[in-house]
Every structure is written in structure tokens, then in C-alpha cells.
Amino acid sequence: MTSLFEQLGGQEAVDAAVDIFYRKVLMDDRISHFFDTVDMDNQAKKQKAFLTMAFGGPNGYTGKDMREAHKHMNLTEEHYIAVVENLAATLTELGVSEEKIGEVAAIADTVKDDVLNR
Amino acid sequence: MAHIYYQQHAHESQQDESVLDTLLRHGHGIDHGCRSGQCQSCLMQVVEGEIPAKAQQGLSPQQKQLGYVLSCQCPSDAGLHVMPAEQPSAHYSVTVLGKQQLSQQVLGLSLSRPFDYQAGQFINLHANDCTRSYSLASSPGQHQHLELQIKTLADGLLSPYLLEQLQVGDQITVTGPFGECSYNPQAPEQDLLLVGIGTGASPLYGILREALSQQHQGHIDIVLGARQQQDIYLHDYLSALSQQYPQLSYHPCSQQDGEDIYRYVTQQLNDLASKELFICGADSFVQKMRKQCFLAGAAMNRIHCDRFTAAR
């Protein structure tokens, strides 16, 4: 049985997804303001790490990192939903099946409470 | 309170202080320049301690692996043990071959060439007790000398010295070359888009002339923005080049004529996704242009930037 990460296309799929996903995030009025002053190089690396994690790939993500990185941002359910919607739309654009998109969303959900500092 | 360990001494750091500032405050003569993470003069090596990502921004993978940090960008509260970078960049003494006033604000400087480099890279000049970074406008394949285009600032530390005191025939110290915003000769079919303001034109001119001297096949757009057209000091040179080379389009964007360089680049030029982009000039301009180009479809890893930051 191949892993979800392999089924999605591995690191190449992450590379293909990262620009599309980051572009959607930057154009989404619900969350774009969080990225106004951040360095794009650093942010692109973080987006890539996040996608690798959500795709079920090898990553160094821990709940503690996620909590620490987001705790001063006062994020709400709406912000979280915006990110997941952009993630799903990115995968749809890349021709990923709904079933697999559901699996990716389920992985993202495992860090939801950390991101929202709950 | 954190400590920075250097040359067998522990130095107490203050809040919000960089490693560079802690060491300078304790009397160490650490070479430094821009204090904004660009010039790499203050490079140090971390012997022990966790390196903050911020301290390695813009360094090469090899430098990162060796634990090099930009001490001006490295927060001192991390409590690191540092030492001088093991291989300090070599200092070269070069000869001033020529000086030319390119416009009221821009000084052209020709220097003898001590090293090989890639078009678009920058060097540091060390003179008058300070260090400043300048991009190379020359093409390594075409020119035997280094060419700099320097914006002269009346209240600057180095540029008034270069303008008024430095003479043809004098020696001046340089280090380099640095930077990754450079022309790749391996992809001659690639369409290029060169965008800049002010002396951001300098590295773009280097990239352009190198590309043309290498018989670049892909289309090259060069777009320069300014308040008014006469501020574009390379206008005549670029107009002439675009007559000479069919693959080159030059477009000046003058605010006074109602042109908006951001709108021009993102709306008038086709298919940013297929181009290799080079964006050079003032930091705020580069950041904004980069974001807009990315949103308009340019690929993140094909946008190369040279951000000019004011030395502090």
C-alpha cells in the first residue's frame, strides 16, 4: 500500500502546489492581511513545509511549533476555514480526487487546535 | 540575560540587540557594513547554539551548513558561541580606471577586475572607514573591467568620497562577488523580464549585456521606472541597444507621463509564468513588484531579486 504522500505525487506534487496555494492565500481577503509584511522567501518555505505535512509527507512539524508560530495572531475558525478551502481548491486545480482531498483536509485538522491556540 | 561567547569571553547582551552590536559594544572590532543583512561583511560562524533562521537569510546552502550567520541579523538573546568566519572573504586592491557622471545623481566607476563573477552580482567597496555594496553593471563576458553605477547621496558616508576625492589611478579595496540575482547562460532560449527603478538598472544592465553578448535567443523585456523619463540614466544606451537587437524590448515607465510600472508589468506583458524575472532597486519597490508579479502568475523560484537597502 503506497502512502497518501506517494499517491499525491510526492515532493513534485508539493512543488507544483506551493505557488498555486500561496497565490490563493495572498488573494484571499479573509487572510491576506496576515501576509502583508512577511518575507516571501521565508513564507514560501513555510507553505511548502505545511503542504508536505498535509500531504502526509515526511516533515518536522510538531504541534508545539504550530502553536508557537500562530499564538499571537488571534486566529479564528474563519481563518482556518479559509486556509483549508484554498488548500482544497489548489488540489482540485491539480486534478486530485475529492476523496484524497478529504484525506489531506483530515491531516490538516490534526493541527487545527494548535493553530487556533485552543 | 543571554551571553554571547567570543574569543574566550562571555559578553552580556542587551534586549533587542544583534550579535554584532553586542560584540561592538564590548569593544571588538568586527568588520561590518550595511547592517541590514545584505553586504555579508559581518559574517561569523556559530560554534555552539541554535541558529535563528533570520540570521542566515540569503546565505548559500554551503554557508548555512557551515553555521555561518549574518551577525547584524542574528538576535543576541539566542546565547550563541561565535567566532570570526573561518574564511574571511579575500580583500582585493583594485585600480580606479575611470569616473563618469552618468546623470546628476549617478556616478559611473570603472575598476580593474580582480576576479570572475556572474552578471548581476554585487561587490563591496571598502573606503573612508566604511563598507558599501554596489551591483556590477558590467558583463563578465564582454568587459575586462568592473563597472559600477553609484547613486550619490549628499549625506552618504561613501558616495561623496567616491565622487569628490577618489581619483583615476587610485587604489580601492573590494570584496566579492556576492549575490544570486544573476544571469544563467545555460538557458539561452528563456524569455527574460528585467524590471527596476533607480540604480536597480545597474545589475539589470549587466545581465542584459551579458545575455546579448552570449547571443541570448529568448525575448528580453527591460522595463525601467522613474518619476520622469530624464531620470532614467541609461535611457539613451537602452534605446540604442533595442534598435540593434531584435530580441530586446525596452520600455521606460515615467510617472509624469501617467505610467504605472506595476500595472505595466503585470497587465501589459504577456505570460509572466513563462519568464525568468529579475527585479532590482529599492527594497520597498522590489517587495511590492515581486508580490504583484507572483500574483500575476510568475513562478516564485523564477523571480530573482536584488533589494537595495539603505545602510544604517
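Residue numbers begin at 1 in each chain, while the letters A, B, ... track the order of the sequences. Every value quoted in this text rests on a predicted model; they were computed, and no experiment measured them.
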For this session: Quick one: do D39(A) and R290(B) satisfy salt bridge (Lys or Arg N to Asp or Glu O under 4.0 Å)? Show the steps, please.
Result: CA-CA 11 Å; D39(A) 179 88; R290(B) 178 189 197 188; 5.0 Å; no
Exercise. What part of A53(B) gets closer than 4.5 Å to chain A, counting heavy atoms only: side chain, backbone, both or neither?
Worked result: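 Contact with chain A is absent: no heavy atom of A53(B) under 4.5 Å.
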For this session: Heavy-atom distances under 4.5 Å only: say whether K54(B) touches chain A with side chain, backbone, both or neither.
Result: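 Contact with chain A involves no heavy atom of K54(B) at all.
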Exercise. Within a radius of less than 6.0 Å around CD of Q11(A), do more than 12 heavy atoms belonging to other residues, nucleotides or ligands occur?
Worked result: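 Atom CD in Q11(A) is crowded, with more than 12 foreign heavy atoms closer than 6.0 Å.
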Exercise. Got more than 12 heavy atoms from elsewhere within 6.0 Å of NZ, K64(B)?
Worked result: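 Yes.
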Problem set entry | M300(B) CE to M40(A) CE distance, which is reported to the nearest 0.5 Å |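 The CE atom of M300(B) sits 4.0 Å away from the CE atom of M40(A).
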Problem set entry | Side chain / backbone / both / neither for D41(A) at chain B, heavy atoms under 4.5 Å |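 The answer is both parts of D41(A).
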For this session: Decide yes or no for Q287(B) and T37(A): does some side-chain heavy atom of the first lie under 4.5 Å from some side-chain heavy atom of the second?
Result: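 Contact flag for Q287(B)/T37(A) side chains = no.
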Problem set entry | For chain B, the option from I20(A), L26(A), D19(A) that forms the most heavy-atom pairs under 4.5 Å |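 Between I20(A), L26(A), D19(A), the count favours D19(A).
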Exercise. What pairs meet the side chain to side chain donor-acceptor pair (under 3.5 Å) rule with one or both residues in residues 184-196 of chain B, with sequence neighbours excluded?
Worked result: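 Only Q190(B)-R302(B) qualify under side chain to side chain donor-acceptor pair (under 3.5 Å).
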